[in-house]
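Accompanying notes for the structure given below.
Naming: A, B, ... by sequence-line order, numbering from 1 per chain.
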Protein chains: 2
Amino acid sequence: MAPIDRPLTDYPRPSLAVDTAVLTVRGEELCVGLVPGKPRLPGTFLHEGETLADAVRRSLTQKAGLEGAAPAQLHVFDALDRDSRGWVLSVAHVVVVPADATGTLELVPTSAARGLDFDHDQIVQQAVAWMQGRYAERPDPEHLLGAELTLRDLRRVHEAVRGEVLQPDTFRRAMLPWLEPTGLLRRGDVGKPAQLFRRR
Amino acid sequence: MAPIDRPLTDYPRPSLAVDTAVLTVRGEELCVGLVPGKPRLPGTFLHEGETLADAVRRSLTQKAGLEGAAPAQLHVFDALDRDSRGWVLSVAHVVVVPADATGTLELVPTSAARGLDFDHDQIVQQAVAWMQGRYAERPDPEHLLGAELTLRDLRRVHEAVRGEVLQPDTFRRAMLPWLEPTGLLRRGDVGKPAQLFRRR
DNA sequence: CGAATAGTGTCTCTTAGACAATATTTA
DNA sequence: TAAATATTGTCTAAGAGACACTATTCG
């Protein structure tokens, strides 16, 4: 039997790419950022001496002017025929940022992000599922909102992430254990001012 | 600015490996399979024309005589210094099989699998968490048990996976909605025979 | 005041968890 | 019969969800 682990360089190696679903909440909708003018997620090839997270940040900086992201890994796509240019594996990532920090990406509601290049439809799906899992556990783990937030703000985010309207009272009681009142109020245009909270 | 996507072959490429935590339940314990005589998980380098799942199956067949596994991806480990032989990324996988189907692997309780090579300690940890998540949702998603099972069998598996003893009555009521009675009984050495169920 | 938003009281239903009792087998 | 295992009855506590009500602001 041939030895299993010959020296590293004896093996032909695939190209390794990263592709990233940049998610945000804009208005009432969960949106994903596409490369301007193209039906695809931002991505790039992994460079020597670079980690996957580095490559994700580089691609977002170069293609969208988006700095300092904290990418999370989703899945490696490895179908042999996924890229007509050759043997390319892609490590899918997800990044969550506030809507005003998505750089030059074109924001599209996740429900409308269909027919993208490569396996990017699947990446968007997995990214949404990942985010729903995150927000099921905690009020705002990805800091879509600032340090001080009202329950109305928070509920809007959760409604966008989950894609359904939530009852204000049930939602309030579910979130309160995770929040710390600041004692301050936020006054709106109309109605009773809301308490401001901080993440506990 | 330099073009971002030069032809594929212009980039130096990392070696890509797969490493697999083979999990099983033996007796009352959740165990992981190590390569005989070595403190490491079975793994190999990805070959040309092969998917990651193929590479996992090949490594398990060659190193442990374990056929037909259905690997699930966990995480890509990409620390630049994780392998002293060079630039190697590893895609961690998990495979769950009955204890009598682990081939020549050395079974070690997951709680005792410490000090393994590379980042294999972390892989075991992630594999255990993955499996706990799976078994929190369904009675036996990985078919550790055969087609017909008793609630005692099932509880033993869940106790091993969760690492704690479970109350028979509460467990029974939690599982019944997922099970279909066969009408048959399984007689033991002593005690009332148990109903046999099938996964619904 | 009326509209709009924030927040609370309270009821119901479901579920987890536990304890105790009953049922059926083997030795 | 005694011991072991399987199964069910029942109680309690906690939580989700819904409805109705109260509170506070602006125009």
Side-chain angles (χ1 to χ4, degrees), chain A residues 25 27-28 132-141 144-200, chain B residues 25 27-28 132-141 144-200:
Chain A
V25 169
E28 314 271 313
Q132 287 173 341
R134 291 279 288 171
Y135 276 78
E137 304 275 322
R138 294 256 169 183
D140 185 22
L144 279 170
L145 301 171
E148 302 199 330
L149 47 91
T150 67
L151 280 161
R152 186 71 187 87
D153 297 335
L154 194 55
R155 183 155 53 89
R156 239 191 278 270
V157 168
H158 279 250
E159 286 177 341
V161 170
R162 294 179 44 177
E164 58 184 0
V165 296
L166 300 172
Q167 303 235 15
D169 50 358
T170 301
F171 181 79
R172 179 187 189 82
R173 280 184 257 250
M175 287 297 144
L176 274 182
W178 299 102
L179 300 176
E180 198 161 15
T182 62
L184 304 175
L185 299 179
R186 173 176 298 165
R187 320 186 88 80
D189 289 345
V190 54
K192 181 174 173 176
Q195 278 188 71
L196 281 167
F197 295 88
R198 223 185 300 278
R199 291 176 266 269
R200 191 183 293 279
Chain B
V25 170
E28 313 272 312
Q132 288 173 339
R134 292 279 288 171
Y135 276 78
E137 305 274 321
R138 293 256 169 183
D140 185 23
L144 279 171
L145 301 171
E148 302 199 330
L149 47 91
T150 67
L151 281 161
R152 186 68 186 86
D153 297 335
L154 195 55
R155 182 155 53 89
R156 240 191 277 270
V157 168
H158 279 250
E159 286 177 341
V161 170
R162 294 178 46 177
E164 59 186 0
V165 297
L166 301 172
Q167 304 236 14
D169 52 357
T170 301
F171 181 78
R172 179 188 189 81
R173 280 184 256 252
M175 287 296 143
L176 274 182
W178 298 103
L179 299 176
E180 197 160 16
T182 62
L184 303 175
L185 299 179
R186 173 176 300 166
R187 320 186 88 80
D189 288 345
V190 56
K192 181 173 173 178
Q195 279 188 68
L196 281 167
F197 294 88
R198 224 186 298 279
R199 291 175 265 268
R200 192 183 294 279

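Here the P atom of nucleotide D:dT5 and the CZ atom of B:Phe171 are 17 Å apart, to the nearest Å. In this structure, A:Leu196 places its CG atom 11 Å from P of C:dA6, rounding to the nearest Å. One can place CZ of A:Arg162 at 11 Å from P of D:dA16, the figure rounded to the nearest angstrom. Atom P of nucleotide D:dC26 and atom CZ of A:Arg186 are separated by 15 Å, given to the nearest angstrom. For B:Leu154 and D:dA6, the CG to C1' distance is 15 Å, given to the nearest whole Å. Distance CD (A:Glu164) to C1' (D:dG17): 13 Å, rounded to an integer number of Å. Distance A:Leu176 CG to C:dT8 C1': 11 Å, rounded to the nearest Å. The interatomic distance linking B:Leu151 (CG) with C:dA23 (C1') rounds to 16 Å, in whole Å.
A distance-only check finds no donor-acceptor pair linking the side chain of B:Glu180 to the backbone of B:Arg198 [under 3.5 Å].
Checking the phosphate oxygens (OP1, OP2) of C:dG17, no side-chain nitrogen or oxygen of B:Gln167 falls inside 4.0 Å. Between A:Gln195 and C:dA6 there is no side-chain N or O to OP1 or OP2 distance below 4.0 Å.
Of the candidates C:dA6, D:dA18, D:dA6, the closest approach to any side-chain atom of B:Ala194 belongs to D:dA6.
Taken from CZ in A:Arg199 to CD in A:Glu148, the straight-line distance is 10.5 Å, to the nearest 0.5 Å. Expressed to the nearest 0.5 Å, how far CZ of A:Phe171 lies from CZ of A:Arg152 amounts to 10.0 Å.
Taking 4.5 Å as the limit, every side-chain heavy atom of B:Arg134 sits out of range of all side-chain heavy atoms of B:Arg138. Side-chain contact between B:Glu164 and B:Leu166: present, with at least one pair of heavy atoms (C-beta onward) separated by less than 4.5 Å. In this structure, the side chains of A:Leu185 and A:Leu196 stay at 4.5 Å or more apart for every pair of heavy atoms.
Within the 4.0 angstrom heavy-atom criterion, base atoms lie near B:Arg172.
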Provide a list of protein-nucleic acid N or O atom pairs under 3.5 angstrom, restricted to nucleotides 25-27 of chain C.
from: C:dT25; atom 1: O2; to: B:Gly191; atom 2: N; distance (Å): 3.2
from: C:dT26; atom 1: O4'; to: B:Asp189; atom 2: O; distance (Å): 3.3
from: C:dT26; atom 1: O3'; to: B:Asp189; atom 2: O; distance (Å): 2.8

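On a pure distance criterion of 3.5 Å, a polar donor-acceptor pair joins the side chain of B:Arg173 and the base of D:dG9.
Closest approach of A:Leu154 and A:Pro139 over heavy atoms only: CD1-O, 3.4 Å.
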